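Quick notes on the structure that follows.
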Amino acid sequence: MPNSELAEMVDTSDEWIRARTGIGERRIAAPEETTCSLAVNAARAALDKAHVAPEDLDLVIVATCTPDYANMPATASLVQHALGAPRAAAVDLNAVCSGFIYALATGSQFINTGAYRNVLVIGAEVFTRILDWRDRSTCVLFGDGAGAVLLQPTDTPGGLLSFVLGSDGAGACSLYVPAGGSRQPASADTVAERGHYVKMQGRDVFRFATRVLPDSVLRALEAAQLTTDDMDVLIPHQANTRIIDHAVRRLKVDGTSVFSNVERYGNTSAASIPVALCEAVDEGLVQAGSTVVMSGFGAGLSWGTVVWKWHG
Ligand code: UT7
């Protein structure tokens with residue numbers, strides 16, 4: 001969906017959206033598609049690339065804030081069944097836009113302890129289903145998508161070098177869906193009040209994001225005993241070009257490739273980093289031996305950064 005289409009729905013313009021966010025278009029899932037179906041497509045592509053059969057999966061983690069069912073079951077269980085992975089445990093992880101980073105750090109622990117050998121980590125969202133298409137301050141920002149990675153043990157040193165995860169629940173209502181949970185269960189009133197859609201204090205989130213993104217990148221690099229000079233590729237959460245540019249200025253990174261595809265997808269929440277990672281790999285930006293820093297931030301408020309030595 002290009003910006004021009006949104007300009008027909010709400011009082012906005014291509015110029016405003018591009019200037020304030022860097023977004024030019026976003027993908028909208030077809031009516032029959034769900035978070036599960038997008039996740040399964042991404043998962044199959046990752047398994048094919050890794051030459052691993054679904055039967056060999058030990059664990060499926062789906063990072064999402066737009067699960068197929070609001071409360072139960074977990075979308076990961078649906079994905080596990082659709083893939084045909086009978087041995088795999090399955091669990092959803094919701095840290096919203098930081099979800100993929102949390103899931104990557106979590107999945108890596110099972111690999112590092114030797115408990116599991118094949119862990120599938122997926123970030124998937126049909127975020128456009130929780131958008132209020134009458135609210136120009138949010139509906140122009142988000143899109144749908146999914147990305148997946150397969151984690152395995154290896155003798156080559158590298159992989160996850162460090163991680164930083166964080167949360168500040170004081171900012172919970174800066175970005176949230178008020179109704180539909182146990183605090184405000186669904187009712188005719190909550191529907192009439194449009195309480196099942198995303199509400200956001202954009203400026204608060206912007207201030208938070210521009211602070212936390214560079215801070216957590218620096219802390220994660222320090223934890224890996226590295227500096228920005230060692231960072232080959234930075235893959236930030238794809239929310240807004242201005243947030244990314246701000247972070248790059250603060251980090252003073254010259255020799256680092258900073259990946260961005262927000263122009264084409266908008267903010268796909270937990271899917272943004274794995275989609276960007278896959279494109280960065282396909283474009284040859286991330287290569288065997290690259291030090292890749294991936295950093296997410298979003299509702300919670302939450303944040304997470306991993307430093308990853310890519311094996312290829
Ligand atoms: O994963 C994390 C997800 N969240 C984010 O990344 C959001 C972070 N925040 C942002 O990216 C920015 O705050 C926005 C892009 C959401 C908004 O940019 P801003 O520069 O902070 O604008 P603003 O909210 O201060 O609004 C400026 C003006 C307002 O009009 P007035 O009050 O100055 O007359 C808004 O009503 O822009 C207006 N506005 C719009 N105008 C045209 C808000 N949305 C739109 C729109 N089109 N879509």
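All values derive from a computational prediction rather than experimental measurement. For ligands, and for the atoms within them, numbers begin at 1 and follow the listed sequence.
Protein heavy atom nearest atom 36 (O) of ligand 1, with residue, atom name and distance: Arg136 NH2, 2.8 Å. What sits closest to atom 24 (O) of ligand 1 on the protein, heavy atoms only, is Arg203 NE, 4.0 Å. With respect to atom 19 (P) of ligand 1, the closest heavy atom belonging to the protein is Arg20 NH1, 3.5 Å. Atom 5 (C) of ligand 1 has its closest protein heavy atom at Val205 CG1, 3.8 Å. Regarding atom 4 (N) of ligand 1, its nearest protein heavy-atom neighbour is Met200 SD, 3.4 Å.
A side-chain donor-acceptor contact under 3.5 Å links Tyr265 and Glu279. Between the side chains of Thr34 and Asp68, at least one donor-acceptor pair of N or O atoms lies under 3.5 Å. Looking at Thr66 and Glu125, their side chains do bring a donor and an acceptor atom within 3.5 Å of each other. Judged purely by distance below 3.5 Å, without hydrogens or angles, the side chains of Ser174 and Gln201 never pair a donor atom with an acceptor atom. There is a side-chain donor-acceptor pair under 3.5 Å between Ser272 and His237. Inspection of the Gln238 and Asn267 side chains reveals no N or O donor paired with an N or O acceptor under 3.5 Å. In this structure, a donor-acceptor pair under 3.5 Å is absent between the side chains of Asp189 and Ser187.
Between Arg44 and Asp48, no side-chain nitrogen of the basic residue sits less than 4.0 Å from a carboxylate oxygen of the acidic one, so the salt-bridge criterion is not met. A salt bridge is defined here as a Lys NZ or Arg NE, NH1 or NH2 lying under 4.0 Å from an Asp or Glu carboxylate O, and Asp144 with Arg27 fails to meet this definition. Salt bridge present: Arg87 and Asp58 bring a charged side-chain N and a carboxylate O closer than 4.0 Å.
Using a 4.0 Å threshold on non-hydrogen atoms, atom 44 (N) of ligand 1 counts as touching the protein. Distance remark: protein heavy atom not present below 4.0 angstrom from atom 28 (C) of ligand 1. Within 4.0 Å of atom 33 (O) of ligand 1, not a single protein heavy atom is present. Distances from atom 40 (C) of ligand 1 to the protein include at least one heavy-atom value under 4.0 Å. Less than 4.0 angstrom separates atom 22 (O) of ligand 1 from at least one non-hydrogen atom of the protein.
Contact annotation for Ile243 and ligand 1: only side-chain heavy atoms (C-beta onward) come within less than 4.0 Å of the ligand. The backbone and the side chain of Phe206 each have at least one atom closer than 4.0 Å to an atom of ligand 1 (non-hydrogen atoms only). With a 4.0 Å heavy-atom cut-off, ligand 1 is reached by the backbone of Thr12 and by its side chain too.
For ligand 1 and Phe297, the ligand atoms under 4.0 Å from any heavy atom of the residue are 1 (O). Atoms of ligand 1 found under 4.0 Å from any heavy atom of Asp11, numbered from 1 in the order shown, are 42 (C), 47 (N). The atoms of ligand 1 that sit less than 4.0 Å from any heavy atom of Asn240 are 10 (C), 11 (O), 15 (C). Listed by number with element, the atoms of ligand 1 under 4.0 angstrom from any heavy atom of His237 are 1 (O).
Checking only distances, Thr21 never comes within under 3.5 Å of ligand 1, N or O to N or O. For ligand 1, the polar-atom distance check against Ala239 finds no nitrogen or oxygen pair separated by under 3.5 Å. No N or O atom of Ser13 sits closer than 3.5 Å to an N or O atom of ligand 1.
If you check each of Thr210, Asp135, Leu141, Asn267 against atom 16 (C) of ligand 1, the one with the closest non-hydrogen atom is Leu141. The nearest non-hydrogen atom to atom 9 (N) of ligand 1, considering only Ser98, Ser137, Gly202, comes from Gly202.
Applying the salt bridge (charged side-chain N to carboxylate O under 4.0 Å, His left out) definition to pairs two or more places apart or across chains, none involves residues 232-249.
Under the side chain to side chain contact (heavy atoms under 4.5 Å, CB included) test applied with Leu120, the options Leu59, Val52, Leu83, Ile61 reduce to a single match, Leu83.
The aromatic rings of His246 and Phe206 sit perpendicular, their planes meeting at an angle over 60°, well past the 30° parallel limit.
Residue Thr138 places no heavy atom under 4.0 Å from ligand 1.
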